[in-house]
Amino acid sequence: MNIEYIAGIIKAVTIPVMALNSIPLLVWMERRGSAFIQNRHGPNRANIGPITLFGLLHPFADAIKCVFKEPFRPTKAHPIFYPLAPALVVVPALLTLAVVPLADHIFLMGAEIPMSVAELEYGIVYMFAVSSISVLGITLAGWASNNKFSLMGGLRSTAQMISYELSLGLSIFGALLVYGSLNPNEIARLQGETFFGVIPAWGVLMQPLGFLLFLIAAFAEANRNPFDLPEGESELVAGYHTEYGGMKFSMFMMGEYVAMVTLSALTVTLFFGGWQVPWVTTEALQATVGQPLRVLCQFLAFAGKTLFFCWLFIWVRWTLPRFRYDQLMRLGWKVILPLSIVNVFVTALVLLGLGWMKGTL
Amino acid sequence: MGTPIPLPIMPGDLTAIGPLLAVVIAAAGFLAVDMAFTREELKNRWTFIIGIIGAALAAVTALMLDIGTGESRLILGEALYADLYTVFFDLLFALLMGASLVLSWTAVERARMKPVEFYSLAAFSFAGMFLTSRAADLLSLFLAIELLSMPLYVLAGFATTSKTGREAALKYFVLGSVASAILLFGIALMYGGTGSIDYVELGAQVSSGGRDSPLVLAGLALILAGLAFKVGAVPFHMWTPDVYEGSPTAVTALMATGVKAAGLAAAIRFLAGPMAAALSYVSVMLWWIVALSMVVGNAGAMLQSNVKRLLAYSSIAHAGYILMGLLGDSLGTAAAVYYTAVYVLSVAGAFGVVQYFGDGDRELETVDDFNGAAKRHPWISLLFTIFLLSLAGIPPTGGFVAKFFVFGSAIQTGHIGLALLGVLTSVIGIYYYLRLVIAMWMKDEGRPVLAELSPTSWVVLGLLAASVLALGCMPGWLWLIVQSAVVSLV
Amino acid sequence: MEALFHVATFYVFAAFALAGAAISAFSRRLVYCVFALLLTFLGVAGLYVLLSADFLAAVQVLLYAGGILVLLIFGVMLTHEIADVSTEANFTDIKFGAVISGILWLLLVVYICKVPWAVLDPLPPYAPTTRAIGLQFLGDYLVPFEYSSFVLLLVVLGAATLARKEVD
């Protein structure tokens, strides 16, 4: 059998598993983080004898609890859509990760193998396409629960996600114009250059406004605080997942956390060099430490950056208060969207000017 | 990043699409005016100024086109044509835009629409019209048709509070979407059969035996159906009376003039150009469309007492007359183009007059409402009569000459039965047009109220009437132009 | 083996698309109709992938499943009494429609069997198409491309006009 097939299968198995395993870690980070930030008790009860491992056992307890809970369905909930909705949230979130490159290509037995499940030249479009499906899951959950709070939550999240999906897409247009590519790996590779030999040419330096807008839209898109209106507990009990319990509820949580990871990974890929170790190109690194270590270094760089942004999500959640709904909509349509369009326009003009100066136009 | 790809814009291309650009800029100008001013009078004044400048610019740039030896020129990556035919229709649409700005103003305000909103949407529609006559591939054709219809979906609906208005808007929107879908399906089949959407390529394929492919024929039939809907020809006419009656009169005027002329411009360009070799295969279909349109349109109009419905049915009949020209040879095509021009001028004038009659919010609705109009308002009644006589096809107006050309070419190419039917139905036409004329001139009991006409309105109405008369008395010069315009189609 | 797999996938996607379309046409519940469209869109996207038009497939999912469908759902959710699970669509004249569409179907079948299809050389599987599409947009199809942007602007404007509340 072909080496590419084998590699493909291995990647298709490991990457979702890695993403799913990051969820307990993130939950733990969330709890410890909130405890640190808000000066409260963190997870401190779950233990095996005297071992508590800084609360690291809590995720395990959580998982066990959720799996063994009774799969309960409210009588008036929809028999098919009610259980289908959580899957519709979590599956697209996982699928999105398929195009995120964890490191530069590797050469194995004469084949060049990308370090993402599938390297698509339009990877960014793919990510947006697939992630847009998860909106349907949330809406479906709200409707199928047959509960007015759920319905309101579902509606809110639909409105919120379609509003911010526009900005999310438009805010990276500038960056895409600069790179001239839709391929995430290509984009990461292009960020290996440096300005004046010292500053890494990361996207955030070329597109500061784009990055800021993207980050804000990403928070809204992930339904995270300060934009977690769909589940605003003071108004809507728990929004679209009011009626969900046990593993179905956990799937919503998984969807949210995986979306967080995905968006962090996308942020890193687009604006923070992806798998680039600063100041060292793939070739130089490989020449010094050999291929396996090079891949490891790049993967660690990527994972570290991604984890930082995951932490940023948590940090913001426990620091900022929640927006009001009209504020959210006004911000989205009247601030972020126009600014994104301006950003695209200005970027295009600058690129045009640079092209003229270089004489390539 | 590879080498930069040059855009397919040649020098002179931008002049060739000048009218398009002028209208697009006018549309942007309307939007800017709506944002820039808060006071209504300022908004209205600037809307008028920008609109007139846009229409004038469109006409001037149309005349600036270098026609060369009269051959069709393909511009902008072979997507659009630039030739005498486009110049002809550009001038027609520019005139229509100016006329709409001047004549529809009262009706727009009467329907409680803001002029700036009406004209900013209408400008998009005009941009679509300017594209129909110059589309050189099916994709551009489809987009043009969409662009010209969509603003009217909105305009037909947004100001109405009445039930008939809402019904009209919904009917127009739903049926229009279906027609677009049919058109698109036809385009898809055509592409599937020939592997191309380019008129030039299609023409080459069709004349070299491609017309025998069932896909091409089915595609052609569906495209014909989609265009027939926009033109309002039987059996795709069902929407016309209700929509014409229910929509605000300013919008109806646009539908009856601009949309119909644009649909015809597209149909003539497509059918007489690349599809000329395949036309004989669908001539049976076209024959029935023409015959039924003439019969249904005229018979229907005879039964109406509502003026807008009457004009709606008569516009169906006129679509039939115009399409009859396509059954003939190139002289027939020229006759169709000539008829289109006359029809547009007459209907623009007729609707222009109708829009001014009425009291406050109410418009005159039935034929009887016009009783005694001539006594109180003789001059405008005279103008109205000229337009109606032209539509009826009575000499010395343009309508007579146009009908003469169309029937003549039909007889020359052997469609004698159709020509006879045309003459017969024209007689019915004379009956119901004259009913309006009689109501105005020979009955005294009514007291129709006329809104105040500005001097510009008098000028525009007078010009329209003069041109209708001129086309009837001295048809030679336009007939020559139209003939050489049609030569460039093939 | 690979060809068989290809054919099998084709039929799976086609079944998806058809089933979705059938449900959305025949179901009496509005919400079913709308969600069944998701199946159709994904099925069609799958067919695009099989035709080596995978960029088109991604765009299809992005625009139809992620954009249009969500808007449709939003519209349906805002119709009153949506909380009632059995919001129904009405059918009128189903026999008439069935006859018409039956005739159309027969015609299409006859045509499909009759037409000498111009079979193209098979494309290389999953060859990159994005760049080619982009170049076509700014090359041969510059005018339709610009015009479609104009149509979209118009649609936004029209929607805003229709939806706007009268202030005065």
Side-chain angles (χ1 to χ4, degrees), chain A residues 76-82 84-85 88 92 95 99 118-140 142-163 165-166 168-169 176 180-183 186 221 333, chain C residues 1-2 5 23 27 29-32 34-39 41-42 45-46 48-49 53-87 126-135 152-153 156 160:
Chain A
K76 294 246 175 131
H78 196 282
I80 302 165
F81 288 163
Y82 175 78
L84 182 70
L88 216 51
L95 281 178
V99 291
E119 183 173 9
L120 301 175
E121 42 148 17
Y122 51 87
I124 305 289
V125 180
Y126 167 87
M127 287 184 89
F128 277 89
V130 176
S131 71
S132 64
I133 295 180
S134 60
V135 188
L136 295 176
I138 289 179
T139 325
L140 198 57
W143 180 77
S145 302
N146 205 357
N147 171 328
K148 54 177 167 288
F149 292 117
S150 301
L151 189 65
M152 291 300 292
L155 268 181
R156 271 192 184 186
S157 82
T158 319
Q160 173 175 338
M161 285 170 94
I162 53 179
S163 305
E165 208 167 72
L166 278 178
L168 194 73
L176 295 180
S181 170
L182 287 169
N183 180 342
E186 197 62 37
E221 195 63 15
W333 286 103
Chain C
M1 177 67 195
E2 201 149 307
F5 179 72
I23 293 173
S27 174
R29 293 189 177 178
L30 272 181
V31 178
Y32 286 16
V34 176
F35 273 102
L37 278 180
L38 177 64
L39 276 185
F41 291 151
L42 292 182
Y48 284 153
V49 173
D54 42 350
F55 177 72
L56 193 60
V59 173
Q60 152 95 4
V61 174
L62 180 67
L63 291 185
Y64 281 87
I68 291 173
L69 192 55
V70 174
L71 286 178
L72 271 180
I73 288 174
F74 205 62
V76 168
M77 293 272 171
L78 288 178
T79 53
H80 61 287
E81 293 172 11
I82 187 63
D84 184 9
V85 177
S86 58
T87 307
Y126 316 119
T129 52
T130 318
R131 190 179 163 76
I133 289 174
L135 289 179
L152 290 178
L153 172 65
V156 172

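Keep in mind it's a predicted model, so treat the numbers as computed, not measured. Naming convention: chains lettered A, B, ... in sequence-line order (proteins, then strands); numbering from 1 in each chain.
For the residue pair C:Asp54 / A:Tyr126, no side-chain donor-acceptor distance below 3.5 Å is found, with atom types taken as modelled.
Applying the side chain to side chain donor-acceptor pair (under 3.5 Å) rule to A:Thr158 yields the partners A:Thr139; only residues at least two apart in sequence or on another chain are considered. Every residue two or more places apart in sequence or in another chain that forms a side chain to side chain contact (heavy atoms under 4.5 Å, CB included) with C:Val59 is listed here: A:Val125, C:Phe55, C:Leu63.
Only the side chain of C:Phe35 comes within contact range of chain A, with at least one heavy atom under 4.5 Å from a heavy atom of that chain. Of the two parts of A:Ile162, only the side chain, counted from C-beta on, holds a non-hydrogen atom closer than 4.5 Å to a non-hydrogen atom of chain C. Both the backbone and the side chain of A:Leu140 come within less than 4.5 Å of a heavy atom in chain C. Using a 4.5 Å cut-off between heavy atoms, A:Ala159 contacts chain C through both its backbone and its side chain.
Taking 4.5 Å as the limit, every side-chain heavy atom of C:Ile73 sits out of range of all side-chain heavy atoms of A:Val135.
Heavy-atom minimum distance, A:Ala129 versus C:Ala58: CB-O, 3.3 Å.
Chain C forms more heavy-atom pairs under 4.5 Å with one residue of A:Leu136, A:Ile80, A:Ile133, A:Leu182 than with any other, namely A:Leu136. Annotation: maximal heavy-atom pairing with chain A below 4.5 Å, among C:Thr130, C:Leu71, C:Val61, occurs at C:Thr130.
Heavy atoms of other residues, nucleotides or ligands lying less than 6.0 angstrom from CZ of A:Phe81 number more than 12.
How far CD1 of C:Ile133 is from OH of A:Tyr122: 9.5 Å, rounded to the nearest 0.5 Å.
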